[in-house]
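Numbering of residues begins at 1 and proceeds along the displayed sequence.
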Amino acid sequence: MWGRIVLSGIIASGVTLVRAQGGDNYSPCPRLPTGFPPLPTPLPEKVLMALQSVDALFSGVVRDNNISGLVATVVYDQQPLWTMGYGSANPWATPAAGPPTGKHLLRIASITKTFTSMLAYVYRDAGVVDLDDDVRKHVPDFGILHPYSTQNVTTMRQLASHTSGLPRDLGYPCGFDPSCSDADVYAMLRKTYRVLPQFSRFHYSNVGFGLLGRALEMAAGPQQRYEDLVAERLLQPLGMNATFDVSPATLSRMAVGRNSDGTRATVSALGWEAPAGGLLASADDMTQWLKFHFRSDAPASKDQPVDGSTVTEALASQTVLRDGSSAVGLPWEYKYSGGFWTKSKQGELPGFRSSVTLISELKLGIFVSALQSDVSEDSVWAIPAIDLLSSAVLEILNERQPTYTLPEHYKQFVGSYHFNSSIFVGPSGVLEGIIFGQHLNFTEVMDTSVNPPVPIGIGLRAEPIGPGSNPGCRWLDDGSDLEIIYFDGLKGPGDFTTLSSGFRFMGSAAERL
């Protein structure tokens, strides 16, 4: 006979599911949607009103800031919700062209870095590179002067997260200039000093992303080109028509940007630094890019370049900035706004300022491109726009969350257990329990690796309920509302009749009375 097993770190009086709140100044952790049902057609009125507000926002900023042209698109999960153009796609045409559309190619500039970083994950998952590889393993000609006492090693991860300490740009005459050969670039870098020690601070570096892209092409094998690898491994699987090509045929499909002096912007190749900013993409292309970043539960496939867990990893932060509300990842930039962490990347080259912003927790994203670079709002109003949308989408999602379903085999768990523990169906029809003095509810744990998903059959997910059950987010690290309670004596999926003989939960256990 056994009653309870006590493991190291678990006190004899039972499992502490919720930490004491005394001295804890952290706010309760927000409850966010867990289900993302498709939005109906026509869209709910709250969402339509929010989109009208976004339309008014962009109409106003184009008018008030004398922006020659702008295009924006909004995506929810796998649904494009809205695309709109303003101003003219080419003010120099006779007559002037109409507004830019979702199909016009645009200079997305440094948003290219999100593609370069994702390509690194593609080859990491394929076993071709490790993010902690010394870049010299793949680019033997690379070198940098290092005036610090620490080791002179530059890794792929440092390059992707702007923590390598490399200078922002190549010096004259090689910066964004295709006339410089790779040999010219590496000769220049070998005479250049590292600006900061690695990982010491976030330091934006186009050089770092140029080097990352060229390391990936060399790791992929002889005669490989970074630009072709992005097309083969990312653009084509995702159905994107984006390109690094700047031929006349490609330029004829572009919206035309305006320089800060009012002249027509020209577009040319960026040479060695193309991985830092050379991609041309349309708003429709960026819709596909956003949809890909919302498929965090999808396995890798012919149209899913990496596993969903890698998508989640790629959107994780790396460096917390000193302002206390911003962070940087590989290479996404994070800002806490409107109750959510927005994940953004902006890009600017002559004639264009573009921005992509998403909220992973809502699977909501927006892409905006202004046809001029000198705009007064860093995110090209993408963050103000997503702030207008997020509350409406959150409200609709909360209304449409899956309703609670009592586990089909709930009777296997119901009953009394040692140490005053019990499991029962509560007055609201929810499976609840008192486990070592803590009030919990229980939901089914589904195995989604099979289709259709099935219950695991031997366990339930436990969540504290009642007063003090929602501690600060930092306490979620102890797993108290994420853990699984396991039941003994059950045979697993398909067994709906055997009564459990006891349970095990977070290092403690009790048998059925």
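- The two residues Arg107 and Val267 come nearest to each other via the heavy atoms NE-CG1, 3.9 Å.
- Side chain to side chain, Gln318 and Arg157 fail the donor-acceptor criterion of an N or O pair below 3.5 Å.
- Smallest separation of non-hydrogen atoms from Ala283 and Thr73: O-CG2, 3.8 Å.
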Considering only distance and modelled atom types, tabulate donor-acceptor pairs under 3.5 Å from the side chains of residues 231-238, sequence neighbours left out.
none

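- For Phe202, the ring pair (Phe, Tyr, Trp, His ring centres under 6.0 Å) partners are His162, not counting sequence neighbours.
- With a 6.0 Å cutoff to the six-membered ring centre and a 45° limit on the axis angle, Lys363 does not count as a cation-pi contact of Phe294.
- Side chain of Thr83 to main chain of Gly102: no donor-acceptor pair is present (N/O by atom type, distance under 3.5 Å, no hydrogens or angles).
- A side-chain N or O of Lys113 and one of Ser110 form a donor-acceptor pair less than 3.5 Å apart.
- With respect to the salt-bridge test (charged N to carboxylate O, under 4.0 angstrom), the residues Lys103 and Asp285 do not qualify.
- Side-chain contact, Arg194 with Thr154: a donor N or O sits under 3.5 Å from an acceptor N or O.
- The pair Lys343-Glu333 fails the salt-bridge criterion, with no side-chain N (NZ, NE, NH1 or NH2) lying under 4.0 Å from an Asp/Glu carboxylate O.
- What you find for Leu371 and Ser88 is that their closest heavy atoms are CD1-O, 3.4 Å.
- Evaluation of the ring-ring contact (aromatic ring centres under 6.0 Å, His included) test over residues 69-117, restricted to residues two or more places apart or in two chains, returns Phe115-Trp289.
- With 3.5 Å as the limit, one finds no donor-acceptor pair spanning the side chains of Lys335 and Thr342.
- There is no side-chain donor-acceptor pair under 3.5 Å between Ser282 and Asp284.
- Partners of Pro80 according to the side-chain contact (heavy atoms from CB on, under 4.5 Å) rule, which considers only residues two or more places apart in sequence or in another chain, are Thr287.
- Thr116 and Tyr226 are linked by a side-chain donor-acceptor pair at a separation below 3.5 angstrom, with hydrogens and angles left out of the test.
- In terms of modelled atom types and a separation under 3.5 Å, the side chain of Asp184 and the main chain of Ser181 share a donor-acceptor contact.
- No side-chain N or O of Thr310 forms a donor-acceptor pair with one of Asp307 less than 3.5 Å apart.
- For Ser355, the side-chain hydrogen bond (donor to acceptor under 3.5 Å, both in side chains) test picks out Gln346, with sequence neighbours left out.
- Side-chain atoms of Asp323 come within 3.5 Å of backbone atoms of Ser326 as a donor-acceptor pair (strictly under, hydrogens ignored).
- Every side-chain contact (heavy atoms from CB on, under 4.5 Å) that Ala50 has, sequence neighbours left out, goes to Leu389, Ala392.
- At least one donor-acceptor pair under 3.5 Å links the side chain of Arg214 to the backbone N or O of Trp272.
- Asp169 and Asn206 share a donor-acceptor pair across their side chains, judged by distance under 3.5 Å alone.
- Using a cutoff of 4.0 Å between basic side-chain nitrogens and carboxylate oxygens, Glu377 and Arg353 are not scored as salt-bridged.
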